[in-house]
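Working notes, structure below.
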Amino acid sequence: MTARSDSGPVTRFAPSPSGHLHVGGARTALYSWAFAKGRGGTFIIRIEDTDQKRSSDAASVGFLKDLDWLGIRWDEGPEYVAPDGTRVGGGANGSYFQSERLAIYDRYFAQLLAEGKAYEAWDSTEELDALRKEATARKEAFRYRFRGTPSAEDIARYRAEGRQPVVRFRTPQVPITIQDEVLGDATLPAGEVDDFVIRKKDGFPTYHFAVVVDDELMRVTHVLRAQEHFTNTAKHMVLQDALGFRRPTYGHLSIIKNPDDSKMSKRDKDKVLRKAVKEKALTAPPEGTVTIEEWTKWLGDDNVQLDLEGAIRLAEALKVQLPEINVDDFRRSGYLPETICNFLALNGWSPGHDIEKFDNEFLKERFSLDRVIKTPAKFDRVKLLAFNTDAINAMSREDFLRRGREHAAVFRPEYLEKLGSARFDLLLHASHERSKTLDDPFKTNGFLLVSDDALAFSDDKNVRKALSVGALAADGAKSGLEHLRAMRGVLAALPEWTQPALEAAANAYAAEHAAGKIGSVAQPLRIAVSGSTVSPPIWETLVLVGRDASLARLERCIAWASGLG
RNA sequence: GGCCCCAUCGUCUAGCCUGGUCUAGGACACCUCCCUUUCACGGAGGUAACGAGGGUUCGAAUCCCUCUGGGGUCACCA
């Protein structure tokens with residue numbers, strides 16, 4: 001924990017712990033962090049777990065882990081031990097979990113009630129729904145107004161019925177000007193804000209109340225949050241006035257959208273799966289994906305979401321790509337945290353001067369609210385991939401090796417087990433320059449994991465071309481299949497199975513039998529050991545597959561290709 | 001529907017506040033060519049935008065108005 005400096009700004013990121021940290025939230029956190037840290041201020045994490053039904057401890061920890069992975073560390077907030085052993089969080093303004101601050105909120109409820117600035121309301125859900133319907137019928141927005149104080153008898157009756165009151169704020173009927181550093185000022189006409197609930201019947205504060213109290217008590221000076229909160233700010237401002245609190249400076253960030261203009265949402269993954277299931281007209285879950293019960297429940301209700309592991313298994317079985325939505329999805333896909341931060345920073349902010357590539361240090365130095373873009377941006381995964389490719393290409397061999405190992409340890413342990421450390425390192429080296437993500441060495445080289453007799457040769461245009469190209473040539477050159485037959489003997493006779501030895505032998509053969517065109521020999525070999533026309537460089541690939549396996553695959557490929565029409 | 005906000009290449013954006021240097025710059029994508037044992041990488045070039053209409057002005061992407069389009073919000077969720 002760092003000592004709080006009184007001079008700098010104080011910002012906070014206040015997620016509600018349900019689900020995972022998604023890219024929009026990550027960007028809000030990044031901006032908040034950069035704004036405070038670039039000005040000698042304090043960055044706080046606060047967990048807004050006032051919705052008992054939706055909040056979970058696991059989700060809280062997940063948020064902290066994702067934030068830490070991105071390189072965003074907080075000066076105050078939940079205590080967390082990073083993988084490198086650093087202790088993060090703590091602080092003198094806790095608890096940083098709203099569910100542990102109930103006594104604090106109660107004091108302020110009492111104050112407002114005593115001053116007549118808030119009142120208890122006993123309306124039932126049904127009564128409220130009826131009022132809402134009426135408003136809709138009149139084509140008006142529903143706004144709750146003080147409906148009179150119930151008599152002592154009424155209250156006694158409600159109590160007997162088991163009703164619990166909520167506390168509503170008596171909103172002054174005056175125009176309210178929202179001051180926003182990003183969007184500029186906006187004035188809401190008098191009466192726009194209704195008497196909103198500040199304490200739920202379970203005794204928990206609503207978001208509006210807790211956020212106002214906590215921001216004051218934690219001395220937050222700048223609030224950066226999603227644009228969906230813009231209108232809420234009016235509520236927060238009238239509350240601050242009633243409570244005698246200071247007003248933080250606000251900045252509302254535009255939402256991040258999918259390329260098809262829909263709002264990025266965690267449901268997007270289920271959408272892709274539902275579509276695939278429908279297209280394939282599946283009636284039962286593929287073997288080893290999800291249970292029949294999960295399957296039935298999921299397909300029976302659009303609101304039910306598959307758990308992540310199940311969704312991943314199903315996506316693999318259906319051969320569809322799940323869209324990355326959450327920070328952890330991008331991590332799993334092999335994106336670098338520095339790339340995610342860089343790209344996210346650029347999605348809604350720009351340093352100007354055509355600068356695009358920068359790190360969090362730069363962002364910290366340069367970030368300012370007046371350069372935040374007001375328009376919703378589409379999240380372009382293609383450009384993100386390009387950024388990640390550049391970052392990976394710029395990495396040293398050693399860094400790529402180290403980070404590839406770290407990635408595999410978490411997401412691809414089977415490669416480490418199957419290949420052993422020497423061949424695993426060779427795989428990374430051989431894949432580095434053609435990798436766009438840390439996952440590419442594994443994602444694109446699944447043939448290394450399958451057993452020799454299970455390797456499937458793909459019967460496509462490129463394969464056929466490579467195997468028969470010579471036969472089609474007019475000069476009587478040999479076909480790829482013939483090269484393969486010949487190479488079987490050449491390779492089997494090799495005293496050692498190393499890249500230089502393999503290359504030398506193949507070159508010698510090609511000089512004599514393929515007019516020096518090594519490609520007409522390399523491609524058939526590639527097909528034989530990998531099953532397709534795409535793999536790391538061929539000599540490395542042969543070493544990765546290994547001598548015995550390569551020869552066995554060669555044999556199978558010759559048999560397979562001989563049967564091709 | 002009420003209220004609020006926004007509007008530059010397909011996409012992310014620079015420029016707008018402080019009108020002229022904008023025949024509108026960069027990046028990703030796309031197209032062409034080069035390199036190449038596959039796939040990638042890389043190199044050279046190219047296509048591509050100020051939503052529409054009115055003003056103001058000698059001059060508007062930049063200032064004003066209208067329209068159109070987009071977004072947010074209208075919960076005892078945050």
Side-chain angles (χ1 to χ4, degrees), chain A residues 14-18 48-51 53-55 98 121 123 125 128 132 135-136 138-144 164-168 178 180 183-184 186-189 191-194 196-202 204-208 210-211 225-232 234 252 254-255 257 259 261 263 343 346-357 370-371 373-380 382-387 389-390 392-393 431-436 440 444 462 466 503 506 510 517-523 525-527 530 532-539 541:
Chain A
S16 93
S18 67
E48 310 223 319
D49 52 354
T50 52
D51 186 338
K53 288 188 289 293
R54 298 196 203 186
S55 303
Q98 289 186 327
D123 314 85
T125 311
L128 254 16
R132 238 174 239 123
T136 313
R138 288 195 306 268
K139 291 194 180 296
E140 280 171 18
F142 171 64
R143 294 189 194 83
Y144 188 97
Q164 294 289 329
V166 299
V167 175
R168 284 181 182 270
I178 300 172
D180 187 294
L183 299 174
T187 301
L188 261 39
E192 261 306 302
V193 180
D194 71 351
F196 53 97
V197 174
I198 56 177
R199 191 181 69 184
K200 302 184 258 189
K201 69 178 176 211
D202 65 4
F204 274 62
T206 58
Y207 162 73
H208 302 115
V211 87
R225 45 157 58 148
Q227 214 170 67
E228 64 199 61
H229 289 300
F230 186 70
T231 329
N232 287 337
H252 290 92
S254 61
I255 61 156
K257 296 191 293 179
D261 268 331
K263 193 174 171 180
F343 188 71
L346 224 39
N347 229 273
W349 178 79
S350 156
H353 305 289
D354 295 338
I355 299 171
E356 278 205 316
K357 299 291 177 66
D370 58 1
R371 293 193 67 89
I373 285 108
K374 307 176 182 187
T375 324
K378 287 178 194 167
F379 192 80
D380 185 356
V382 178
K383 184 162 181 174
L384 205 216
L385 221 212
F387 268 47
T389 306
D390 288 348
I392 285 199
N393 284 349
S431 310
H432 186 176
E433 62 179 6
R434 75 207 69 245
S435 286
K436 300 182 170 194
D440 279 0
T444 59
N462 291 335
E503 185 168 5
K517 293 195 139 191
I518 193 67
S520 57
V521 178
Q523 272 309 77
L525 283 175
R526 193 187 308 282
I527 293 163
S530 77
S532 82
T533 52
V534 180
S535 86
I538 185 62
W539 321 123
T541 303

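Lettering follows sequence order; numbering is per chain, from 1.
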Base-pairing mate for B:rU73 - Watson-Crick or G-U, with both contacts under 3.5 Å: B:rG2

With the side chain counted from C-beta on, respond yes when A:Val197 and A:Tyr144 share a heavy-atom pair under 4.5 Å apart, and no when they do not. no

In Watson-Crick or G-U wobble terms, both distances under 3.5 Å, what is the partner of B:rC33? B:rG43

Taking only N and O in the side chain of A:Arg132, is any of them less than 4.0 Å away from OP1 or OP2 of B:rC74? no

Partner lookup for B:rG53, please. Criteria are Watson-Crick or G-U wobble with both distances under 3.5 angstrom; report none if nothing qualifies. B:rC65

Distance check, C1' atoms only: B:rA24 and B:rG43, in whole angstrom units. 27 Å

Side-chain N,O (A:Arg526) to OP1/OP2 (B:rU37) below 4.0 Å: no

G-U wobble or Watson-Crick pairing nucleotide for B:rG20 (cut-off 3.5 Å, both distances): B:rC58

Separation of A:Lys374 atom NZ from B:rU13 atom P, in whole Å? 14 Å

To the nearest angstrom, the CD1-P distance between A:Ile527 and B:rC39 comes to 12 Å

Using a cut-off of strictly less than 4.0 Å, decide whether A:Lys201 has a side-chain nitrogen or oxygen near OP1 or OP2 of B:rA75. no

Interatomic distance, A:His432 NE2 vs B:rC39 C1' [rounded to whole Å]: 16 Å

Check the phosphate of B:rC74 against A:Thr231, side-chain N and O only, distance under 4.0 Å to OP1 or OP2. Yes or no? no

Step through the shown structure and confirm whether more than 12 heavy atoms of other residues, nucleotides or ligands are within 6.0 Å of NZ on A:Lys517. no

Look at the side chain of A:Glu356 and the base of B:rG26, then say whether one donor and one acceptor between them are separated by less than 3.5 Å. yes

Paired with B:rC28: which nucleotide, if any, by Watson-Crick or G-U wobble criteria at under 3.5 Å for both distances? B:rG10

In whole angstrom, give the distance that lies between atom CZ of A:Phe230 and atom C1' of B:rG70. 16 Å

B:rC34 and B:rC12, which share atom name C1', separated by this distance in whole Å: 29 Å

Using a 4.5 Å cut-off on heavy atoms from C-beta on, say whether the side chain of A:Pro351 contacts that of A:Leu346. yes

Measure from CG on A:Leu183 to P on B:rU73 and round the result to the nearest Å. 13 Å

To the nearest angstrom, the CD-C1' distance between A:Gln523 and B:rU36 comes to 12 Å

Are A:Lys436 and A:Ile392 packed together at the side-chain level, in the sense that at least one heavy-atom pair is separated by less than 4.5 angstrom? no

Need to verify one output field. Residue with the more 5' nearest nucleotide on RNA chain B, A:Glu503 or A:Ser16? A:Glu503

If the cut-off is 4.0 Å, is A:Lys139 near the phosphate of B:rG1, judged by side-chain N/O to OP1 or OP2? no

Main-chain N/O of A:Pro17 paired to A:Ser55 side chain as donor or acceptor, under 3.5 Å: no

Side chain to side chain, A:Thr533 and A:Gln523, heavy atoms closer than 4.5 Å: yes

In this structure, are over 12 heavy atoms from other groups packed under 6.0 Å from A:Lys357 atom NZ? yes

Report the distance from atom NZ of A:Lys378 to atom P of B:rA7, rounded to the nearest whole Å. 16 Å

Anti or syn, where syn is a glycosidic angle within 90° of 0; which label fits B:rC34? anti

Protein-nucleotide distance (A:Leu346, atom CG; B:rU11, atom P), rounded to Å: 16 Å

Start at the 5' end of RNA chain B and walk down; is the nucleotide closest to A:Glu140 or to A:Asp354 reached first? A:Glu140

So, is A:Lys257 close to the B:rG70 phosphate, meaning a side-chain N or O under 4.0 Å from OP1 or OP2? no

Pick the P atom in B:rG72 and in B:rC33, then give their distance to the nearest Å. 43 Å

Shorter than 3.5 Å, N or O on both sides, protein versus nucleotides 15-18 of chain B: list them out with atom names.
residue: B:rG15; atom: OP1; partner: A:Arg371; partner atom: NH1; Å: 3.1
residue: B:rG15; atom: OP1; partner: A:Arg371; partner atom: NH2; Å: 3.2

Taking the C1' atom of each, how far is B:rU8 from B:rG25, in whole Å? 12 Å

May I ask which nucleotide in the shown strands pairs with B:rU38, Watson-Crick or G-U wobble, both distances under 3.5 Å? none

Side-chain heavy atoms of A:Thr50 within contact of A:Thr206, under 4.5 Å: no

So does A:Lys436 get a side-chain nitrogen or oxygen closer than 4.0 Å to the phosphate oxygens (OP1/OP2) of B:rC41? yes

Contact check, side chains of A:Ile178 and A:Leu188, non-hydrogen atoms, under 4.5 Å: yes

Distance, C1' atom - from B:rC58 to B:rG71, rounded to whole angstrom: 39 Å

Going by modelled atom types, is there a donor-acceptor pair between the base of B:rC41 and the side chain of A:Arg434 at under 3.5 Å? no

Can you tell if the side chain of A:Glu192 reaches within under 4.5 Å of the side chain of A:Arg143, non-hydrogen atoms only? yes

Have a look at A:Ser535 and say if it touches a base, only the backbone sugar-phosphate, or nothing, with a 4.0 Å heavy-atom cut-off. base

With C1' as the reference atom in both, quote the distance from B:rG46 to B:rC5 in angstrom, rounded to an integer. 38 Å

What interatomic distance, in whole Å, is found between P of B:rG53 and the corresponding atom of B:rU62? 13 Å

When rounded to the nearest Å, what value does the distance between C1' atoms of B:rG51 and B:rC9 take? 14 Å

Return yes if the base of B:rA29 and the side-chain atoms of A:Lys383 contain a donor-acceptor N/O pair under 3.5 Å, otherwise no. no

